[in-house]
Amino acid sequence: MPPRAPFSLDLTRTSYVCQSCVANLRGPNPQLWLTRSASTVPRRGTTRSLGRPPVRGAKLPRGSRNARPSSATLSRVGARPGAPANPEFQRELVETLAKTALRDVSKPSDNADESAAAGSNDPDIRFFDADEAGKIKQLRDSKEFGQISGGLDAEIEKTISNLEAQMENTIELLNRMEEEGDPDKAEELRKQFKKTLRDQYKGRLGLEGEDYKALRIRGFSSRHRPVAALNKFLARDSLVKGGVPKPKDVRECFKVYSAARKSLSSHWECVNREVWDLLWTLISWEGPENPNRMGRIYLLTKDMTAAGIPLRSSQQLLAIESMFIEGHTKDAVDAWKKAVVTLGSKPEAFVGYWELGVRMCCIQGDTERAQRAVDTLFSSEHDTDSRILLPLIRAYSKKDETQTLAWEKYQQVRELLDQDITIEDYDDIIASFLAGGRVEDALQVFVDMMFSNVVDVRGKKTLPMSVGNHFFIGKWLKRLIGAGDLDGAYKVVGFLRTKGVVPSPIQLNGLIGAWLRTGKTEDLENAERVAWDMIRSRLSYVDLRRRGKLLQGANVKFYDPIRQADLSVPDGAIKLGTRASLETFAILSEYYADRGLHEKLKDLIDALRQSELGTTSFIMNQLMKSYIRDHKAKEAVDFYREMTTEGNVRPDSHTFLALYDSLAVNRVVVIDELVMDEDLPKGREFFKDMVEHEWKFESLDTFHFLPRHILFSMLKAKDYTGMIVAARAMRALFDFIPQEKLLVELYTGTTKLRVMTDKNLEIIMEGTRMIAKLIDRYRKEMAMKGVDMSSPTTDQRAEELSVVLERLVLVKADAVHADPEQVEELLKETAEDMGVYDIVFERDEERIKRKRKILGTHVYRVEGEEKEASK
């Protein structure tokens, strides 16, 4: 964006004075500003005779020198209060004075007599003025007349001079501050200074006021709000100052302009060229802050054409390109052909014009015209980027009859670019060959990119060891998948299978996952087909291994089922031969669970059992979550029982999260007594299973969330004794320490307090006061026992929070004054139901050590402090 003059920094003095300012300064009853007596008799009473010099020797009527002009004469001159003189009269008066001055200069006199004689021939012009009372007085000379006719007196002119001097001093001070190392403060003061000027001058004088280098669309009233918004946008400091536009200006430019288009379309002539240039600069700006750039350029081009604004060469090229991209391909190509004489011959537009033609013709499939354009570029004197051949390679690769030409152009690009060829260039060429089905040529290009020496793979039945291995092929597939060329990656997999190279499961799992993430129907079908092909390969391998064990030692030769058996692969699909891994089952199970395909998920679990890959809880968890989402909680729990008892699947933390999600108190909106009575024993049973099964926490997320989820589930079911027993057991098995935030949420009974509304803030403050009250009561009790809790240790703080949790549960159960012995008996009964009596009350260290769910070293937080405990 070309720099423009800084806002209000050009403060040179000028002779122009705004007449509105004069009107404001004069007062309510300004005097008649011009009254003069005619030197000659008026001819037919016209105003033209007032400005003519008197004829030499003409007789004046008696009393004409001192006569007061009539109102008709003033009316003809145009002297009305606060109004400028008649323009025609002013022009003739200036011409007369200029001629007189020229005669004086052209006829200089050496003595006074000659000067007097010469002066006697000049016209006798005298100037008069009338005061407010109508009294006529003669002015001294033309200078005083100029002051009166200009509307300024000496005092006002002095005030303006002082104002300009102050403004210049202010600007000089800001520049000095910027030079002395305080640019931020100077910029802040400069913005404040400019805002003051805009508010004072633009605001008072309206759209026709002083603009101080800010662009403005004139001719629209304030009722046209979109145009006013566009003017406000054009007056931004960042735009007035010039330089590189800010991303915010680029993002908002098209928004304000598109809103004003309807109003501007009726008066395009009001938009000057500078405004169009600024709009073009912002709307055509290339960057992430300007999405749909070509569509906006196309719209702006149409408006500029309708306004009769001629486009520059660079703008014409962008206009043609935007027209092509927006779908008007035929019109764009026709416009490009017509511009061959103008743009195609201009030195500044020559390269851009022909390169644009190459790209458009290649996309259209007109390779002959594109080749002629390339030849024109290479035969010219202009510097041409050899990468212009890349679109031609892509176009040649799409046609079988021009495949050879595509390879020749690739060789030409390598020769021209030599060491300047980049990885991006190789990727572009590889994608071109893969799109045209030339996988072998694409592999050769990748080999050329990876190896400095020449390794030829074209036309070979088997690949060299340096190329035909999992590591080399894995790099290529990873690069293709990362670039989003999934179809090309699938073609590479099929080609490698014909060369005897079987892709690894990791590579194909990545391709399957990428297909599923796209969500396209074709990609989903490809992912499911390839995954089940891998599963069939795994089952065939397991079956072959079983038969091999049965006939071990016998001289029996087995055929590879991957190559010989019909795996019922659809027509056109690729028989890969890669065996599925646990990751393959996990990816497919997650896909089936998200779509609620329970039957297919069961088939997948059966296939996993037959594949002898070992049991995993991931697929079980996926099916359980899918059942729960479909409001089939009973099926989810039954499936869990089946998998853990018959399938020997070991559950994990996610399994128990899903089990507690299946409780009705976590699924329904209105919780009644019947729901609570049904879920209370279920929650205790799930807790018992959680303690009995051998599993470990695999992440800190589940470590923090599972105890919280258990406590809230029991709170919703009003299992208060279960909450206390679960908290004690989890402290022994999980090192669970409740935080104050959790205590506040348990007291309020909800976790949805993140939005700070007045109601939520009141609830949080009430809960905070209750927790603080319980903590203060506990510390007083400890002080009576002689324990100083002013600066508690980590263990003391953990014990304090655990006790506060139990007392908080008693508050929720309205059992604060209950008999402690009765409460203890109820807790023992609950511990028996939950299977943790020996852990909570007997403190069986051997069982606690065996049932702990923490593996290795675990770090937990207590009030901002970290404690590392080796378990």
Side-chain angles (χ1 to χ4, degrees), residues 1-7 183-184 187 191 213-215 217 226 229-261 264 271 273-305 309 311-329 332 336 343 348-349 351-360 362-363 383 385 387-388 390-391 394 420 422-425 427-428 431 482-485:
M1 177 175 174
R4 296 161 53 206
F7 177 80
D184 296 335
E187 182 66 21
K191 289 182 179 180
K213 304 302 180 182
L215 297 180
I217 300 174
L230 180 58
N231 281 330
K232 185 178 179 181
F233 173 79
L234 296 174
R236 287 185 178 181
D237 289 339
S238 55
L239 297 179
V240 173
K241 189 175 181 180
V244 178
K246 294 183 178 180
K248 180 180 179 181
D249 297 335
V250 176
R251 284 193 301 268
E252 298 179 0
C253 178
F254 187 77
K255 178 181 178 181
V256 295
Y257 171 70
S258 59
R261 285 184 68 246
L264 295 176
V271 187
R273 178 74 198 213
E274 292 183 352
V275 173
W276 286 118
D277 289 342
L278 179 59
L279 292 175
W280 182 276
T281 301
L282 295 175
I283 292 178
S284 64
W285 190 263
E286 190 172 3
E289 61 275 4
N290 189 18
N292 194 20
R293 171 174 173 260
M294 284 300 173
R296 296 174 177 182
I297 292 176
Y298 176 69
L299 192 64
L300 181 62
T301 303
K302 290 177 60 179
D303 294 345
M304 294 178 68
T305 304
I309 303 298
L311 300 178
R312 300 184 178 91
S313 299
S314 58
Q315 294 175 339
Q316 293 182 43
L317 292 177
L318 264 180
I320 296 174
E321 185 177 0
S322 64
M323 187 188 305
F324 187 86
I325 292 177
E326 286 302 301
H328 308 280
T329 55
W336 177 80
L343 297 178
E348 67 274 11
V351 176
Y353 171 80
W354 290 106
E355 286 184 350
L356 176 62
V358 172
R359 293 194 298 270
M360 290 194 304
C362 288
I363 294 175
D383 293 334
D385 191 356
R387 292 178 177 85
I388 194 60
L390 299 182
R394 189 179 303 110
D420 294 333
T422 62
I423 295 179
E424 289 74 17
D425 297 332
D427 289 340
D428 197 351
D485 189 4

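Within the 4.5 Å cutoff, the side chain of Phe233 has heavy atoms near those of the Leu282 side chain. Residues Val256 and Pro226 are not in side-chain contact: their nearest non-hydrogen atoms beyond the backbone lie 4.5 Å or more apart. No side-chain heavy atom of Ile309 sits less than 4.5 Å from a side-chain heavy atom of Asp303. In this structure, Trp285 and Val244 have side chains that are in contact, with non-hydrogen atoms separated by less than 4.5 Å. With a 4.5 Å cut-off on side-chain heavy atoms, Leu299 and Arg261 count as touching. At least one side-chain heavy atom of Ile363 sits under 4.5 Å from a side-chain heavy atom of Phe324. Side-chain atoms of Tyr257 and Leu264, non-hydrogen and from C-beta on, do get closer than 4.5 Å to each other. A 4.5 Å side-chain heavy-atom check between Glu348 and Leu343 finds every atom pair outside the cut-off.
In this structure, Thr301 has no side chain to side chain donor-acceptor pair (under 3.5 Å) partners at least two apart in sequence or on a different chain.
Between Asp428 and Arg387 there is no salt bridge, since no side-chain nitrogen of the basic residue lies less than 4.0 Å from a carboxylate oxygen of the acidic one. Classification of Glu252 and Arg236 as a salt-bridged pair holds, one side-chain N sitting under 4.0 Å from a carboxylate O. Salt bridge present: Arg312 and Asp277 bring a charged side-chain N and a carboxylate O closer than 4.0 Å.
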ask   = Hey, mind stepping through Asp383 and Val351 against side chain to side chain contact (heavy atoms under 4.5 Å, CB included) and telling me if it holds?
value = CA-CA 8 Å; Asp383 293 334; Val351 176; over 6 Å; no
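A 6.0 Å sphere centred on CD of Glu286 holds no more than 12 heavy atoms belonging to other residues, nucleotides or ligands.
For the pair Asn290 (side chain) and Ile283 (backbone), a donor-acceptor distance under 3.5 Å is present. Judged by distance alone, with hydrogens and angles left aside, the side-chain atoms of Glu289 form no donor-acceptor pair with the main-chain N or O of Val250 at under 3.5 Å. Side chain of Tyr298 to main chain of Arg293: no donor-acceptor pair is present (N/O by atom type, distance under 3.5 Å, no hydrogens or angles). With Trp336 contributing its side chain and Tyr353 its backbone, the two residues share a donor-acceptor pair below 3.5 Å.
Trp280 contributes atom CH2, which lies 7.5 Å from atom OG of Ser314 (distance to the nearest 0.5 angstrom). Separating the OG atom in Ser258 from the CG atom in Leu300 is a distance of 11.5 Å, to the nearest 0.5 Å. Atom CD of Glu355 is separated from atom CD of Glu321 by 11.0 Å, given to the nearest 0.5 angstrom. Here the straight-line distance linking atom CD of Glu326 with atom CG of Asn292 works out to 6.0 Å at 0.5 Å rounding.
Residues Ser313 and Ala349 come closest through the heavy atom pair CB-CB, 3.9 Å. Among all heavy-atom pairs drawn from Arg359 and Pro391, the shortest one is CG-CG, 4.2 Å.
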